Amino acid sequence: MSLLIMFSALLFSSLISTTHCVGGKRNLSKEVVDDIEIKRQLRVLNKKPVKTIITEVGDVIDCIYIYKQPAFDNPLLKDHKIQMSPRSISGETRSKNVSASSIFYGLQREQCPSGTVPIRRVTREDLVNAKFFAMKVEQIHANGFPNIGARFVYAAEVIRGKKYFGGAASMSIHNLTVDPDQFSTSQIWIVNSTTGDQMNGIQFGIMKNPSVVGGNLPRLFGFWIRDGHHVAGCYNMECHGFIQTNPSVFIGQPFVQSSVYGQRSYDVHIMVYRAHDTGHWWLRMGATAETSENVGYWPNEIFTLLRASASVVRYGGYVGSLIQASTPPMGNGFLPQLQDYDTTAYMRLMKYVNEAGASVDLNSHSVRTNNGTVPQCYNIMFAGQIGGDWGNTIVYGGPGGYCN
Ligand SMILES: *[C@@H]1O[C@H](CO)[C@@H](O)[C@H](O)[C@H]1NC(C)=O
Ligand SMILES: *[C@@H]1O[C@H](CO)[C@@H](O)[C@H](O)[C@H]1NC(C)=O
Ligand SMILES: *[C@@H]1O[C@H](CO)[C@@H](O)[C@H](O)[C@H]1NC(C)=O
Ligand SMILES: *[C@@H]1O[C@H](CO)[C@@H](O)[C@H](O)[C@H]1NC(C)=O
Ligand SMILES: *[C@@H]1O[C@H](CO)[C@@H](O)[C@H](O)[C@H]1NC(C)=O
């Protein structure tokens, strides 16, 4: 079973000829980049906006005609008929009552005009940094999983052995300090993999990555890949795959509320599931499962194996950094424990979507825990069904550091 290769699969090639490191951090202004190629890619990715909104946190959001978003440049989507919402909802019931503005996500002050969707503008720095990650992050083997992409350390829960049609959890939100050359996620993997070359996957959750997805805040992210690393996949809207449908809650949006250690936890319910009729993989998010909204989807056509179903659902943390460098914190930056949920990173209400299209609890006995490769840096524990609003729960995380 191979893991997803996050960065080696990015689309961007031949952008940087040299890079310089200053005090362990890159100095972008010194990098020699192929400006013409970058400008070309930016022109292709950033469509002409109907309106541009600068959000409270400084994101530049372009309101793009829904039929003109980047995904439609993908030749695989030439004949794609856009879906505004899945005809068959798997698992969760929908509440008619909740609008995007009543939760703390997405556009707040200003909205996009009707017929358009919000898309965070991709900057030159995003592209340069994505390329930098793709080049500099080295492959190693870790934790019994062969061909793990790059210098990633992780702790995860795995369920496997059946056909899976989605996964969901309420994940605690933490504003970790992560260097420009690092990333740290709380995420769910949905994978169908026969061999490494044939792997298809979607990863989604919360990511802190100042360089590629931008900014100082943790963000909602989604990543797709198919055919191992032969065919590119990538983050959010950074290549032609994800179709944004929600007029307010957008992929890449920041979380402005984070948990405060020992005082208060904030969490968010995030789900990806396959709609039975179309086979598209929808991303949903909200304060709870019931109030979640569809954000958009990865169309069936961009996948090979994942067109039908997934073979593995995995929950946990995932971090990356450069070789020989310090690794970032995971979760809330502390090793997990089961005594006090305000001082640990967690995922509760862990569910998967079964063949009947229902969102169900994991069978505790089918859950396998993979402790971090380096337990002094990261760990994970499965708490099982802890009752109340919590359901199946994992706690995970760690301080990172020099973890060799
Ligand atoms: C980055 O490079 C520029 C130009 O060489 C220089 O002026 C600036 O001080 C450098 N920044 C850092 C953080 O080293
Ligand atoms: C919808 O919202 C109204 C007003 O907030 C509330 O009274 C009502 O109970 C809600 N209905 C449902 C089904 O949640
Ligand atoms: C999140 O952490 C960054 C430093 O990593 C800091 O600059 C920022 O102010 C923090 N934001 C919030 C909302 O706590
Ligand atoms: C993986 O994908 C293949 C091709 O779509 C499908 O036949 C198979 O059932 C999938 N595996 C699982 C376990 O869902
Ligand atoms: C994983 O970590 C747990 C909790 O720290 C420990 O009890 C268990 O023995 C570890 N398992 C392995 C295989 O290292």
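On a predicted model such as this, the values are computed, not experimentally measured, just so you know. First listed ligand is number 1; within each ligand, the first listed atom is number 1.
- Under the rule for a side-chain contact (heavy atoms from CB on, under 4.5 Å), the partners of Gln337 that lie at least two apart in sequence or sit in another chain are Gln339, Asp340, Thr343, Thr344.
- Contact annotation for Arg307 and ligand 4: no heavy atom of the residue comes within less than 4.0 Å of the ligand.
- The salt bridge (Lys or Arg N to Asp or Glu O under 4.0 Å) search around Arg307 returns none, not counting sequence neighbours.
- The aromatic rings of Tyr318 and Phe183 stand perpendicular to each other, their planes meeting at an angle above 60°, with 30° marking the opposite boundary.
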Would you check, one step at a time, whether the test side-chain hydrogen bond (donor to acceptor under 3.5 Å, both in side chains) holds for Tyr297 with Thr278?
CA-CA 11 Å; Tyr297 62 95; Thr278 55; over 6 Å; no
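- Side-chain atoms of Ser172 and Tyr341 form no donor-acceptor pair, as typed in the model, at a separation below 3.5 Å.
- Against a heavy-atom cut-off of under 4.0 Å, Ala308 is close to the following atoms of ligand 4: 5 (O).
- Per-residue contacts place Lys162 under 4.0 angstrom from the following atoms of ligand 4 (heavy atoms of the residue considered): 13 (C).
- For Tyr164, the ring pair (Phe, Tyr, Trp, His ring centres under 6.0 Å) criterion is met by Tyr352, not counting sequence neighbours.
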Tell me, with the steps shown, if His280 and Gln83 meet side-chain hydrogen bond (donor to acceptor under 3.5 Å, both in side chains).
CA-CA 9 Å; His280 304 325; Gln83 305 290 309; 4.7 Å; no
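- Counting heavy atoms under 4.0 Å from ligand 4, residue Leu305 touches it through both backbone and side chain.
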Dump the pairs for me: ligand 3 N or O, protein N or O, distance under 3.5 Å, to 0.1 Å.
unit_1	atom_1	unit_2	atom_2	d
ligand 3	2 (O)	Asn175	OD1	3.1
ligand 3	2 (O)	Asn175	ND2	2.5
ligand 3	5 (O)	Lys208	NZ	3.2
ligand 3	7 (O)	Asn216	ND2	3.3
ligand 3	11 (N)	Asn175	ND2	2.8
ligand 3	14 (O)	Asn175	ND2	3.0

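- Of the N or O atoms in Ser309, one or more lie within a sub-3.5 Å distance of an N or O in ligand 4.
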Going through the distances and angles, do Phe255 and Tyr266 end up as a ring pair (Phe, Tyr, Trp, His ring centres under 6.0 Å)?
CA-CA 10 Å; Phe255 295 101; Tyr266 287 95; over 10 Å; no
